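Worth saying up front: this structure is predicted, and the values here are computed from it rather than measured.
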Protein chains: 2
Amino acid sequence: MKKRPIQEIRAFTRWYTDVIGLLDQHLLDSAWSLAEARLIYEIHAARHIQASQLIEMMHIDKSYLSRLLKKLEKEKIVSKKKSPGDGRAFLLSLTEKGQREFGMLNSASDEQIGRILEPLSEAQREELVGHMKAVMQLLNVKPDNYE
Amino acid sequence: MKKRPIQEIRAFTRWYTDVIGLLDQHLLDSAWSLAEARLIYEIHAARHIQASQLIEMMHIDKSYLSRLLKKLEKEKIVSKKKSPGDGRAFLLSLTEKGQREFGMLNSASDEQIGRILEPLSEAQREELVGHMKAVMQLLNVKPDNYE
DNA sequence: AAAAATAGTTGACTTTGTCAACTAAATGTC
DNA sequence: GACATTTAGTTGACAAAGTCAACTATTTTT
């Protein structure tokens, strides 16, 4: 295998790691840790979801998740009700407060991306998205292939 | 500002966050933490560098850095000598063992990227690199703009 | 010659994440 | 339908990662 493309991809990855770090920083100003914010995000996206599914999706330790959820319940962000079909399991969803919290996190993220796009023209923004989609398509890493 | 490109960029970022997580996993098998490995990487790249510069580059707390360096010195990966020009400062560099360690980490990273590129043709690899470069160019986020 | 700033270290602490053992319910097996 | 096995989630004990403030020793500024 040729060396050069590998080096270029590693350079991109290092750079984007930094970008992600910057994007995540707004979370430092929020009341939530990164893990909590992702949890809020995932529960919002799923609307109703079991802890076991979150474990699979997020590759997170179940004891850790259990404690994160406990905190989010205490803060009235997440509510838990018994699964109708499975007596061991619970269905998690966002409370109204949780929805509002999600909305705030979400629009903070949007604004942050917005600021980054500021200097670009409409056409450049489209280009950017095109390149990103192309990267995703070419490099369609299936997490499960690497576990 | 339009909503759609923002959502697409956020989707890309989430996806690439996962990719980076997978790429970082090989470090779990190494003797070094993520922070230590990055330190080894940065010191290698700079050849000689002061802790204060690392703090700036890596956005890392100075007490934390101090302890990481202490461990790397103990393990004979990094060596420290007094800066000729500044009596408070030290110049850090990799020992021979450090160089070897860097070499191992580095080729493990290369191999991992190599595996991801496996399914792609030579032409596709070039395409991929092209898209990545375009993203970097368009989105040339200067970390300092966001501090 | 102070005063202020910078380089790095240390102590005390918080946050984040992991591992193993456990309870309770569900599923598979004979 | 009783037993063994697996699955969902919780808890205790701990380890790793990261932060904050105070400190020493130099260097720079005024």
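A donor-acceptor pair is defined here as one N or O able to donate and one able to accept, closer than 3.5 Å; no such pair exists between the side chain of B:Ser107 and the backbone of B:Asp110. For B:Lys133 (side chain) and A:Glu8 (main-chain N/O), no donor-acceptor pair under 3.5 Å exists by modelled atom type. For B:Lys81 (side chain) and B:Ser93 (main-chain N/O), no donor-acceptor pair under 3.5 Å exists by modelled atom type.
If you measure from atom CD1 of A:Ile55 to atom P of C:dG17, you get 15 Å, rounded to the nearest angstrom. In this structure, B:Tyr64 places its OH atom 18 Å from P of C:dG8, rounding to the nearest Å. Summarising the geometry, the separation between CG on B:Asp61 and P on C:dA12 is reported as 17 Å, rounded to the nearest angstrom. Between B:Leu28 atom CG and C:dT18 atom C1' the separation is 12 Å, expressed in whole Å. Across the protein-nucleic acid pair, B:Ile60 atom CD1 and C:dG8 atom P stand 13 Å apart, rounded to whole Å. Computed from coordinates, the B:Arg67 CZ to C:dG8 C1' distance equals 12 Å when rounded to whole Å. Distance CD (B:Glu56) to C1' (C:dG8): 15 Å, rounded to an integer number of Å. B:Lys82 has its NZ atom 15 Å from the C1' atom of C:dT6, to the nearest Å.
Residue whose closest nucleotide on DNA chain D sits further toward the 5' end, between A:Lys80 and B:Ala35: A:Lys80. The 5' end of DNA chain C is approached more closely, in terms of each residue's nearest nucleotide, by B:Leu91 than by the other of B:Leu91 and A:Ser63. Mapped onto DNA chain C by nearest heavy atom, A:Leu68 and A:Asp86 fall at different nucleotides, with A:Leu68 at the one closer to the 5' end.
Looking at residues 44-52 of chain B, you'll see B:Gln50, B:Ala51, B:Ser52 sit with a heavy atom under 4.0 Å from some atom of DNA chain C.
B:Leu27 has its side chain out of reach of B:Glu36: every pair of non-hydrogen atoms, C-beta onward, lies at least 4.5 Å apart. Residues B:Val19 and B:Leu23 form a side-chain contact, since some pair of their non-hydrogen atoms from C-beta on lies under 4.5 Å apart. Proximity of A:Leu68 to A:Ile60: side-chain heavy atoms (C-beta onward) are separated by under 4.5 Å at one or more points.
Once you apply a 4.0 Å limit to the heavy atoms of chain B, the touched nucleotides of DNA chain D run 5' to 3' over D:dA17 to D:dT27.
With rounding to the nearest 0.5 angstrom, the CG atom of B:Leu91 is 9.5 Å from the CD1 atom of B:Ile49.
In B:Gln137, the CD atom is not crowded: 12 or fewer heavy atoms of neighbouring residues, nucleotides or ligands sit closer than 6.0 Å.
Closest approach of B:Ser109 to A:Arg10, counting heavy atoms only: CB-CZ, 3.4 Å.
Comparing atom distances between the B:Lys62 side chain and each of C:dG8, C:dA5, C:dT16 picks out C:dG8 as nearest.
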